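When a ligand or atom number is given, it counts from 1 through the structure's own listing order. Everything numeric here is computed off the predicted structure, so don't read it as measured data.
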Amino acid sequence: MYVIKPISKIKKKITVPPDKSISHRAVILSSLCEGKTRIEPFVESQDTKATLECMKKLGITANLSDGLLTIIGTGMSLKPQETPLTLFANESGTTMRILSGLLSCQKFPVTFEAAPALCRRPMGRIILPLQQMGARISGTTAKDKITHEEKLYPPLHIKPAGEIKGQRFKLNVASAQVKSALMLAALFAKGQTVIKEPYKSRDHTERMLKLFRAGIKVKGTTITCKPINKLVSPKKLFIPGDFSSAAFFIVLGLIIKKSKITIKNVNINPTRCGLLQVLKRMGGKIKIKNKKSAYEPYADIVVQSSELKGAEVKPEEIPSMIDEVPILCVAAAFAKGKTEIRGVKELRVKETDRIWSMVHNLSIAGVDIYNARYKDDEEIVINGGKTYRAYSFESFFDHRVAMSMIIFSMALAHRESDIDDTDCINKSFPRFLSIVKSLYR
Ligand code: S3P
């Protein structure tokens, strides 16, 4: 159990860990190059460690020392270190989904296992399109708890395919993991692959593939990917701070009176920063300073205490803030008036059902929050700006729910709250609690 005290007047400059999504991709693409790539900074969170451990079993040499990760890749043909090969994605959906695209095009069979929390998350979304490309990939069938339909889950079994063929895909979910799995398979395919998303999801794979000189073109929500024999390493890769981790302190700085928080060197890729636009509409005082452009843009984000008001969030904005909806619910609880967050049904299949987890936690603290149907999707509605109770919250072992409820508890006027588990935070942000502690000094 972790106890959270209310906080006041924060004046602090902080840094957050390197971006988790970019780190996964940096490890994977560097592994596919011959020769050395230096990735810095690199933090072994539970998820990034899962990708690194898988790649080591696939033949790369990796050395991590003082935040500098050096990878010596295998080239496009991975070299498994054991037969039969079993890989373990632990709880990392990104590891399992993205790597499946790559493993489907290799010349060896693999069993891809996962921890129980990931075994509850759907894999049909990558299995079916990869099968369409000719991949011999299968999952484990089980009944969906809500719809009772038969669906595909981990573990996965992947066998060498005869031929991988380029295809045209029109995805019905905006998912960076799905499109990334398909883009990696497209590198090995015969003919080009075209992927169209309903709305643009995070584009880190596209940017990094360009950096590694793959034949990829992006026009709006359509990606065209050509096969390639060789990726070329940029030799050095800087990983900017994770916007999704910064988001907790962005909201904290806005909702605590007389505060100013600066977060240094944060990735400000527009496909990730939807939360900033929404918070600005809510009246948040947010400044972007020292902007730098590399393959990914990054900058310092400065936030100051603000009188927030409710706002409407449209479904097309959700992909650019998919992991930030829990902390947006916290901001909305402290904003005067109604916030409607529309098009959130994907939150049901994250580490937990995040609609349920956030509605449950915030409503027991007295927040007027509910979820409702919205067209063929769902919405969360919050009537904010009231006074709330401290409580014993539950993380449901979901890192972003735990961090969101800690930030909520810090902003309560009186009394301590507590939360049952904080170990789950290591999934993405191992230093979170030490930063929180430093803010009370
Ligand atoms: C991720 C994509 C998103 C996000 C996840 C990381 C990625 O998932 O929620 O935390 O690195 O590609 P979806 O692709 O399922 O939306």
Side-chain angles (χ1 to χ4, degrees), residues 17-29 45-48 50-52 54 89-102 114 117-118 120-127 129-130 151-154 169 171-184 195 197-209 221 223 239-240 242-248 267 269 271-275 296 315-328 343-355 357 377 398-401 403-404 424-425 427-429:
D19 187 88
K20 179 159 86 73
S21 289
I22 302 174
S23 301
H24 285 295
R25 289 153 172 86
V27 170
I28 296 170
L29 295 194
S45 60
Q46 189 188 295
D47 278 11
T48 53
T51 294
L52 191 55
C54 287
N90 204 351
E91 295 185 8
S92 173
T94 309
T95 305
M96 178 164 268
R97 295 200 179 113
I98 297 190
L99 276 185
S100 293
L102 176 57
L118 182 54
R120 292 190 287 270
R121 297 181 63 189
M123 291 295 149
R125 54 180 60 199
I126 51 142
I127 294 174
L130 286 171
K151 292 219 169 127
L152 294 167
Y153 298 93
F169 292 106
L171 304 182
N172 48 20
V173 201
S175 162
Q177 294 175 351
V178 173
K179 72 174 173 183
S180 301
L182 300 177
M183 278 186 265
L184 287 189
I195 305 163
E197 298 190 274
Y199 305 123
K200 201 170 166 81
S201 64
R202 63 189 68 189
D203 65 357
H204 304 306
T205 309
E206 294 89 308
R207 286 171 183 260
M208 207 176 278
L209 278 171
T221 50
I223 304 158
I239 316 277
D242 196 325
F243 182 83
S244 297
S245 299
F248 299 103
N267 180 224
N269 178 327
T271 63
R272 284 292 293 282
C273 295
L275 178 74
E296 291 275 353
E316 55 267 36
E317 294 181 280
I318 297 297
S320 66
M321 47 180 294
I322 186 74
D323 292 337
E324 286 69 70
V325 175
I327 192 64
L328 175 60
V344 291
K345 77 172 178 205
E346 266 295 295
L347 265 74
R348 298 255 182 227
V349 290
K350 295 293 175 190
E351 279 81 337
T352 53
D353 172 344
R354 285 185 177 154
I355 298 181
S357 315
D377 207 304
D398 180 331
H399 56 144
R400 299 200 202 280
V401 173
M403 290 187 274
S404 297
C424 56
I425 295 173
K427 190 171 199 290
S428 62
F429 197 168

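Under 4.0 angstrom from ligand 1, the non-hydrogen atoms of K350 all belong to its side chain. Here R121 has no heavy atoms under 4.0 Å from ligand 1, in either its backbone or its side chain. In R202, the part holding a heavy atom less than 4.0 Å from any atom of ligand 1 is the side chain.
Using a 4.0 Å cut-off between charged nitrogen and carboxylate oxygen, D398 and K350 do not count as a salt-bridge pair. Using a 4.0 Å cut-off between charged side-chain N and carboxylate O, R202 and D323 make a salt bridge. Using a 4.0 Å cut-off between a side-chain N of Lys or Arg and a carboxylate O of Asp or Glu, R121 and E351 qualify as a salt bridge. E346 and R125 are joined by a salt bridge, as a carboxylate oxygen and a charged side-chain nitrogen come within less than 4.0 angstrom of each other.
Considering backbone and side-chain N/O of R400, none are found under 3.5 Å from N/O of ligand 1. The N/O atoms of E346, backbone and side chain alike, include none that comes under 3.5 Å of an N/O atom in ligand 1. For a threshold of 3.5 Å applied to N or O pairs, the pair formed by I98 and ligand 1 contains no separation below that value.
Close contacts between ligand 1 and I322 involve ligand atoms 9 (O) [criterion: under 4.0 Å to a heavy atom]. Taking every heavy atom of D323 and a limit of under 4.0 angstrom, the matching atoms of ligand 1 come to 4 (C), 5 (C), 9 (O), 10 (O). With ligand atoms numbered from 1 in the order given, ligand 1 contributes 1 (C), 6 (C), 7 (C), 11 (O) to contacts under 4.0 Å with heavy atoms of T94.
When side chains are defined from C-beta on, P154 counts as touching M123, because their heavy atoms get closer than 4.5 Å.
Partners of S23 by side chain to side chain donor-acceptor pair (under 3.5 Å), not counting sequence neighbours: none found.
Here the CD-CG distance, from E197 to N172, works out to 11.5 Å after rounding to the nearest 0.5 Å. A distance of 10.0 Å separates CD of E324 from CD1 of I318, quoted to the nearest 0.5 Å.
Not a single heavy atom of H204 sits under 4.0 Å from any atom of ligand 1.
Of the candidates R125, R97, R25, it is R25 that places a heavy atom closest to atom 7 (C) of ligand 1.
Remark: minimum distance from atom 11 (O) of ligand 1 to any protein heavy atom is reached at S21 OG, 2.7 Å. Looking only at protein heavy atoms, the nearest one to atom 1 (C) of ligand 1 is Q177 NE2, 3.6 Å. Scanning all protein heavy atoms for the shortest distance to atom 14 (O) of ligand 1 gives S175 OG, 2.7 Å.
A donor-acceptor contact under 3.5 angstrom links the side chains of R272 and S244, judged on distance only.
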